[in-house]
Amino acid sequence: MNLILLGPPGAGKGTQAKRLFADYQIPQISTGDILREAVRRGTPLGKQAKPIMDQGKLIPDDLMVGVVEERLQQPDCASGFVLDGFPRTIAQAEALESVLGKLGKRLDKVISLEVPEEKLIERISGRRNCPNDGTVYQVYQNPPKRAGFCDKCGGGLVQREDDKEEAVKERLKVYAAQTAPLKGC
Ligand code: AMP
């Protein structure tokens, strides 16, 4: 099963992708996670992406298409995948179509997650991450047992730079302008 999860930041794409993995064993391809890992490791992609991500803007299409094309060729994608955070522009969607054609794959479904904007802002502003193991908490709905610390590893939780107010406003603006139009395709 080859799926795309479409939706604004905070809509729950990551959460649903993890559930789909648990039920169907199809891997989540989160371009945001791939980029954050590249930033953490200090790769050339990470160095280029960090300042753009921190401002809530989009990484250039050609870079992202290359990342996804490579990832889709990994053996774990043979029986399916869930794209989370890609495509984010019309150009990315067109490129994906041709990449899938080249790889002899086709999409089964695009699932669009719709959440009111005030809920998105509430969710994102309450999101805290464990930089050690990547666990995501939500201070209102899914708080850690001890405030500010990861239940699994005990490490201190942080707020992603792009989950801060200014960057969130920009991400929602970018979503409305560049990603939401994909729903009409
Ligand atoms: P996410 O975790 O999906 O919200 O992504 C975090 C950030 O990574 C975004 O705000 C963008 O800066 C960047 N990013 C992730 N996926 C893409 C994409 N498909 N195209 C461009 N930038 C992306």
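Keep in mind that the numbers below use all heavy atoms, side chains included, and drop hydrogens, waters and symmetry copies. Quantities reported herein were computed from a predicted structural model and do not represent experimental measurements.
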Out of curiosity, does [Y] fall in the hydrophobic cluster containing [X] (side-chain heavy atoms, cut-off under 4.5 Å, transitive links)?
X: V68; Y: M53; value: yes
X: V139; Y: V115; value: no
X: L58; Y: V39; value: no
X: M64; Y: L72; value: yes
X: V174; Y: L113; value: no

Treating [X] as the side-chain partner and [Y] as the backbone partner, does any N or O pair qualify as donor plus acceptor under 3.5 Å?
X: E170; Y: E166; result: no
X: K109; Y: N2; result: no
X: E97; Y: A93; result: no
X: R123; Y: G10; result: yes

[X] side chain near [Y] side chain, heavy-atom distance below 4.5 Å:
X: L172; Y: E117; result: yes
X: K102; Y: E69; result: yes
X: T135; Y: D151; result: no
X: L182; Y: L6; result: yes
X: R71; Y: C77; result: yes
X: L96; Y: L83; result: yes
X: F81; Y: M1; result: no
X: C150; Y: Y137; result: yes

Are there more than 12 heavy atoms of other residues, nucleotides or ligands under 6.0 Å from atom CD of E70? no

For E37, does the CD atom have more than 12 heavy-atom neighbours from other residues, nucleotides or ligands under 6.0 Å away? yes

Please say which of D84, I34, L5 ends up in a side chain to side chain contact (heavy atoms under 4.5 Å, CB included) with I29. I34

Result of checking R171, E165, K173 against K169 for side chain to side chain contact (heavy atoms under 4.5 Å, CB included): E165

Are the charged groups of [X] and [Y] less than 4.0 angstrom apart, N to O?
X: K152; Y: D133; result: no
X: E161; Y: K50; result: no
X: K164; Y: D54; result: no
X: K183; Y: E114; result: yes
X: D23; Y: R19; result: no

Begin from the C-alpha positions of L20 and Q28 and carry the test side chain to side chain contact (heavy atoms under 4.5 Å, CB included) through to its verdict. CA-CA 8 Å; L20 287 164; Q28 169 194 18; over 6 Å; no

Looking only at heavy atoms, which two atoms of [X] and [Y] are closest? And how far apart?
X: Q138; Y: R127; value: NE2-N, 4.1 Å
X: P144; Y: L157; value: CG-CD1, 3.7 Å
X: A17; Y: V82; value: CB-CG1, 4.1 Å
X: I4; Y: F86; value: CG2-O, 4.0 Å
X: L120; Y: P9; value: CD2-O, 3.4 Å
X: P181; Y: A176; value: CD-O, 3.6 Å

Quick one: do Q159 and N129 satisfy side chain to side chain contact (heavy atoms under 4.5 Å, CB included)? Show the steps, please. CA-CA 6 Å; Q159 185 176 34; N129 298 64; over 6 Å; no

Before giving the answer on side chain to side chain contact (heavy atoms under 4.5 Å, CB included), spell out for L107 and L3 the whole-Å C-alpha distance, their side-chain angles and the decisive distance to 0.1 Å. CA-CA 6 Å; L107 275 180; L3 304 174; over 6 Å; no

Could you grab the distance from atom NZ of K13 to atom OG of S112, nearest 0.5 Å is fine? 10.0 Å

What's the verdict on side chain to side chain contact (heavy atoms under 4.5 Å, CB included) for T179 and Q92, showing C-alpha distance, side-chain angles and the deciding distance? CA-CA 10 Å; T179 310; Q92 289 181 14; over 6 Å; no

Non-neighbouring partners of D162 that pass side-chain hydrogen bond (donor to acceptor under 3.5 Å, both in side chains), sequence neighbours left out: R160

Set of side-chain contact (heavy atoms from CB on, under 4.5 Å) partners for L63, sequence neighbours left out: L45, Q48, I59, P60

